[in-house]
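Read the structure below first, then the notes.
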Amino acid sequence: MNVLEIKNLSVRYGDKVVIKDLSMDIKRNKITAIIGPSGCGKSTLLTTINLLLEENGGQFTGQILFNGKDILSYEKKDVRRMIGMVFQRPIPFPFSIYKNLTYAPMYYGIRDKDKLNNIVENTLKKVGLYDELKGDFNMLATKLSGGQQQRLCIGRALTAEPEILLLDEPCSALDVKNTANIEKLLKDLSKDYTIIIVTHNLSQAKRISDYAAFILDGEVVEYDETEKIFSNPKDRRTKEYVEGIFG
């Protein structure tokens with residue numbers, strides 16, 4: 001079942017067209033990897049889905065349906081609650097871990113202390129930080145390691161109870177061990193969330209995604225099950241990209 005349907009999407013910044021007539025459907029509770037060379041429109045696609053595009057000076061035409069309803073018919077704050085975003089570099093809020101994880105729930109009206117405590121505990125367990133922190137939830141979030149900060153930011157996005165999680169190169173600044181932790185976390189989360197990940201790491205896309213879309217010059221060249229994209233691509237350009245001939 002599709003949670004997102006993107007139809008004839010075109011995106012521009014002024015006179016520069018970044019995405020051209022892009023159409024694709026995103027399956028619910030699957031990991032979809034967006035791959036392609038730098039500047040092809042991958043990150044722009046995520047910010048368009050999240051309705052951050054206009055705030056960055058861009059405009060789009062076409063249609064994005066979320067659960068069958070035009071995304072523009074929702075309020076922006078609701079879109080960003082239902083479609084969470086995690087950026088390339090972790091940006092924890094400059095206060096405690098506890099406050100990072102209660103910020104969204106309190107913004108959306110939760111005030112009960114027990115509920116907030118449960119949200120913090122359950123989220124930390126979900127992202128694998130609970131045991132590592134040994135109960136010190138009042139620690140300044142910026143004191144965490146880079147990998148821990150990224151898991152915290154993923155957890156913070158989850159506290160808003162989204163249906164979709166967008167991730168823009170979440171492992172690009174992490175070492176092998178922390179990358180493996182994030183990949184395992186995403187695989188586990190895909191049981192309950194739909195995940196769209198932009199990555200330059202083709203091995204990562206192959207390891208964790210169910211579907212992959214190869215984008216080149218703002219257009220979807222090929223979109224299929226990940227195994228088919230990597231083992232039997234239909235388009236010559238896809239084959240050359242996944243084999244490392246260019247990109």
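Looking at heavy atoms from C-beta onward, Tyr223 lies in side-chain contact with Thr32 at the 4.5 angstrom threshold. Side-chain contact between Tyr74 and Leu51 is absent, with no heavy atoms from C-beta onward closer than 4.5 Å. Residues Ile195 and Ile208 fail the side-chain proximity criterion, which asks for heavy atoms closer than 4.5 Å. Side-chain atoms of Asp70 and Leu65, non-hydrogen and from C-beta on, do get closer than 4.5 Å to each other. Annotation: side chain of Asn122 is not in contact with side chain of Lys126 (no heavy-atom distance under 4.5 Å). Residues Leu166 and Ile83 are in side-chain contact: their nearest non-hydrogen atoms beyond the backbone lie under 4.5 Å apart. With a 4.5 Å cut-off on side-chain heavy atoms, Leu101 and Leu152 count as touching. Using a 4.5 Å heavy-atom threshold, the side chains of Thr44 and Thr48 count as touching.
Shown here are the side chain to side chain contact (heavy atoms under 4.5 Å, CB included) partners of Lys191, two or more places apart in sequence or in another chain: Asp188. Shown here are the side chain to side chain contact (heavy atoms under 4.5 Å, CB included) partners of Asp192, two or more places apart in sequence or in another chain: there are none. Looking at residues two or more places apart in sequence or on another chain, you find no side chain to side chain donor-acceptor pair (under 3.5 Å) involving Thr123. For Ser145, the side chain to side chain contact (heavy atoms under 4.5 Å, CB included) partners are Gln148, not counting sequence neighbours. Shown here are the side chain to side chain donor-acceptor pair (under 3.5 Å) partners of Ser43, two or more places apart in sequence or in another chain: Asp168. Partners of Asn29 under the side chain to side chain contact (heavy atoms under 4.5 Å, CB included) rule, at least two apart in sequence or in another chain, do not exist in this structure. A search for side chain to side chain donor-acceptor pair (under 3.5 Å) contacts involving Asp210 returns nothing, not counting sequence neighbours. Applying the salt bridge (Lys or Arg N to Asp or Glu O under 4.0 Å) test to Arg236 and every residue at least two apart in sequence or in another chain returns Glu240. Residues satisfying the side chain to side chain donor-acceptor pair (under 3.5 Å) test with Thr199, not counting sequence neighbours, are Gln204.
Within 6.0 Å of the CD atom in Glu161, the count of heavy atoms belonging to other residues, nucleotides or ligands does not exceed 12. The 12-atom threshold is not exceeded at CD of Gln59, counting heavy atoms of other residues, nucleotides or ligands nearer than 6.0 Å. Within a 6.0 Å sphere centred on NZ of Lys76, heavy atoms belonging to other residues, nucleotides or ligands number more than 12. In Tyr103, the OH atom is not crowded: 12 or fewer heavy atoms of neighbouring residues, nucleotides or ligands sit closer than 6.0 Å.
With rounding to the nearest 0.5 Å, the separation of OG1 in Thr102 from CZ in Arg111 is 10.0 Å. Remark: Gln149 CD to Lys143 NZ distance equals 12.5 Å, nearest 0.5 Å. In this structure, Ile197 CD1 and Lys42 NZ are separated by 12.0 Å, a value rounded to the nearest 0.5 Å. Atom CD of Gln150 is separated from atom OG1 of Thr179 by 10.0 Å, given to the nearest 0.5 angstrom. Between atom CD of residue Glu5 and atom NZ of residue Lys69 there is a gap of 14.5 Å, rounded to the nearest 0.5 Å. Here NZ of Lys27 is found 12.0 Å from CG of Leu4. Values are rounded to the nearest 0.5 Å.
Cys40 and Leu216 get closest at one heavy-atom pair: CB-CA, 4.2 Å. When all heavy atoms of Thr226 and Ala205 are compared, the pair lying nearest together is CG2-O, 3.7 Å. Of all non-hydrogen atoms in Pro162 and Leu158, the two that sit nearest each other are CD-O, 3.5 Å. Scanning all heavy atoms of the two residues, the minimum distance from Gly62 to Phe60 falls at O-CE1, 4.1 Å. Counting all heavy atoms, side chain and backbone alike, Ala157 lies closest to Leu165 at CB-CD1, 3.7 Å. Taking each heavy atom of Asn100 and Ala141 in turn, the nearest pair found is ND2-CB, 3.4 Å.
Using a 4.0 Å cut-off between charged side-chain N and carboxylate O, Glu132 and Arg151 make a salt bridge. Checked for salt-bridge contact, Glu183 and Lys187 miss the test: no charged N lies under 4.0 Å from a carboxylate O.
Among Ile182, Ile154, Val198, the one residue that satisfies the side chain to side chain contact (heavy atoms under 4.5 Å, CB included) test with Leu167 is Ile154.
Hydrophobic cluster membership is shared by Leu124 and Ile110, with clusters built from Ile, Leu, Val, Met, Phe, Trp and Tyr side chains linked at under 4.5 angstrom. Linking ILVMFWY side-chain heavy atoms closer than 4.5 Å, directly or via other members, places Leu186 and Met85 in two distinct hydrophobic clusters. Hydrophobic clustering (ILVMFWY, side-chain heavy atoms < 4.5 Å, transitive): Ile97 and Phe95 are in distinct clusters. Under the 4.5 Å side-chain heavy-atom criterion for ILVMFWY residues, no single connected hydrophobic cluster contains both Val86 and Tyr107.
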Report all side-chain donor-acceptor pairs from residues 6-16 shorter than 3.5 Å, counting only partners two or more places apart or in another chain.
residue, atom, partner, partner atom, Å
Asn8, ND2, Asp21, OD1, 3.0
Ser10, OG, Asp21, N, 2.9
Arg12, NH1, Gly14, O, 3.4

Return a table of donor-acceptor pairs under 3.5 angstrom between the side chains of residues 227-234 and protein atoms on other chains or two or more places apart.
residue, atom, partner, partner atom, Å
Ser231, OG, Glu227, O, 2.5

Between Asn67 and Arg28, is a side chain to side chain contact (heavy atoms under 4.5 Å, CB included) present by the stated rule, with each step listed? CA-CA 10 Å; Asn67 288 327; Arg28 189 181 302 277; 2.7 Å; yes
Apply side chain to side chain contact (heavy atoms under 4.5 Å, CB included) to residues Leu144 and Leu133 and explain how you reach the verdict. CA-CA 9 Å; Leu144 295 171; Leu133 294 175; 3.7 Å; yes
Before giving the answer on side chain to side chain contact (heavy atoms under 4.5 Å, CB included), spell out for Tyr193 and Ile164 the whole-Å C-alpha distance, their side-chain angles and the decisive distance to 0.1 Å. CA-CA 6 Å; Tyr193 304 90; Ile164 300 174; over 6 Å; no
Show your reasoning for whether salt bridge (charged side-chain N to carboxylate O under 4.0 Å, His left out) applies to Arg237 and Asp235. CA-CA 5 Å; Arg237 293 168 293 175; Asp235 192 286; 3.0 Å; yes
For the pair Leu45 and Ile196, evaluate side chain to side chain contact (heavy atoms under 4.5 Å, CB included) and give the outcome as yes or no after the intermediate values. CA-CA 10 Å; Leu45 177 60; Ile196 306 174; 6.0 Å; no
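The list of ring pair (Phe, Tyr, Trp, His ring centres under 6.0 Å) pairs with a residue in residues 117-136, not counting sequence neighbours, reads Tyr130-Phe137.
Residues His200 and Ser38 have side chains that bring a donor and an acceptor to within less than 3.5 angstrom of each other.
Geometric assessment of Lys99 against the ring of Phe93 yields a negative cation-pi assignment under the 6.0 Å and 45° thresholds.
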